[in-house]
Amino acid sequence: EAGVAQSPRYKIIEKRQSVAFWCNPISGHATLYWYQQILGQGPKLLIQFQNNGVVDDSQLPKDRFSAERLKGVDSTLKIQPAKLEDSAVYLCASSSLWRTTSGANVLTFGAGSRLTVL
Amino acid sequence: GDSVTQMEGPVTLSEEAFLTINCTYTATGYPSLFWYVQYPGEGLQLLLKATKADDKGSNKGFEATYRKETTSFHLEKGSVQVSDSAVYFCAQWALDSNYQLIWGAGTKLIIKP
């Protein structure tokens, strides 16, 4: 089965510019996550979708970050305007289960999009 | 609140050495526990998991046992290889976390030939 696809893999922008990241989850996976991973830290959940609805966006800086998942498949994460502290790897993950803490609920991650803000 | 604590890295070992990476958790109840691995330039991938006390997860020569009495899930491997060099993350599905995975900070492992 194809994995989680993300693009671009690398992006360098100036502060105050905008950037968008794209994610295509595993086919049939209804739950999609965007994580921010700063160097040397564990992933931080930004937003979680169930199909095309937002389940949790409590840690998304909504003044500059936005995300959508039209038609419940692909998703886009946008940052506008970017700040220096947004430099990180943005990871997309998907899973076939929802609202369960069962061990069967395993996330599959994409390779990530590395953002550098200058 | 729920949390996961891992030993700080980097951990540097010679090839064929024994590996232990410590992970302890605080949680309500008995959460499912996971080890994910991140190889250089790649995303995270599941290494192993355990869903109840005394369960042992294993994969690729790595093992971890769910110890409820010590709230630990330490990762072990008897003989590491250079190809095991990566960052290892311990994580739990916390029962009261609004269905979020709680992550440790990661432990970087460096294996020297």
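For clarity, every value in this text was computed on a predicted model and none was experimentally measured. Each chain gets a letter, A, B and so on, in the order the sequences are listed, and its residues count up from 1.
- In the hydrophobic cluster analysis, where Ile, Leu, Val, Met, Phe, Trp and Tyr join through side-chain heavy atoms closer than 4.5 angstrom, Ile111(B) is grouped apart from Phe18(B).
- Using a 4.5 Å cut-off between heavy atoms, Leu46(B) touches chain A through its side chain atoms alone.
- The aromatic rings of Tyr33(A) and Trp93(B) sit tilted, their planes meeting at an angle between 30° and 60°.
- By the 6.0 Å contact criterion, CG on Leu118(A) is enclosed, its count of non-hydrogen atoms from other residues, nucleotides or ligands being greater than 12.
- Crowding of Tyr30(B) atom OH: a count of heavy atoms from other residues, nucleotides or ligands under 6.0 Å not exceeding 12.
- In the hydrophobic cluster analysis, where Ile, Leu, Val, Met, Phe, Trp and Tyr join through side-chain heavy atoms closer than 4.5 angstrom, Leu46(A) is grouped apart from Ile102(B).
- Neither the backbone nor the side chain of Gln6(A) comes within contact range of chain B; no heavy atoms are under 4.5 Å apart.
- No single ILVMFWY cluster, assembled from side-chain heavy atoms under 4.5 Å apart, contains both Leu70(A) and Leu32(A).
- For the set Ala91(B), Pro31(B), Gly106(B), Ser32(B), the count of heavy-atom pairs under 4.5 angstrom toward chain A peaks at Ser32(B).
- Residue Leu97(A) is not grouped with residue Ile26(A) when hydrophobic side chains (ILVMFWY) are merged at heavy-atom distances under 4.5 angstrom, including chains of intermediate members.
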Q.
Test side chain to side chain contact (heavy atoms under 4.5 Å, CB included) on Tyr36(B) and Leu107(A); report intermediate values, then the result.
A. CA-CA 10 Å; Tyr36(B) 280 81; Leu107(A) 272 59; 3.8 Å; yes
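- Chosen from Val106(A), Asn105(A), Leu91(A), Val4(A), the residue pairing most often with chain B at heavy-atom distances under 4.5 Å is Asn105(A).
- Within residues 63-84 of chain B, no residue has any heavy atom closer than 4.5 Å to a heavy atom of chain A.
- Taking Gly41(B), Ala50(B), Gly9(B), Gly104(B) one by one and counting their heavy-atom pairs under 4.5 Å with chain A, the maximum is reached by Gly41(B).
- Under a hydrophobic clustering in which Ile, Leu, Val, Met, Phe, Trp and Tyr are joined whenever their side-chain heavy atoms come within less than 4.5 Å, directly or via other members, Phe49(A) and Tyr90(A) fall into the same cluster.
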*Would you check, one step at a time, whether the test side chain to side chain contact (heavy atoms under 4.5 Å, CB included) holds for Trp103(B) with Gln37(A)?*
CA-CA 11 Å; Trp103(B) 296 88; Gln37(A) 187 180 20; over 6 Å; no
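- Only the side chain of Gln38(B) comes within contact range of chain A, with heavy atoms under 4.5 Å apart.
- For Arg9(A), the part lying under 4.5 angstrom from a heavy atom of chain B is the side chain only.
- Heavy-atom neighbours of Glu15(B) CD from other residues, nucleotides or ligands within 6.0 Å: above the threshold of 12.
- In Lys62(A), the NZ atom is crowded: over 12 heavy atoms of neighbouring residues, nucleotides or ligands sit closer than 6.0 Å.
- Around the CD atom of Gln17(A), the shell of radius 6.0 Å holds more than 12 heavy atoms that belong to other residues, nucleotides or ligands.
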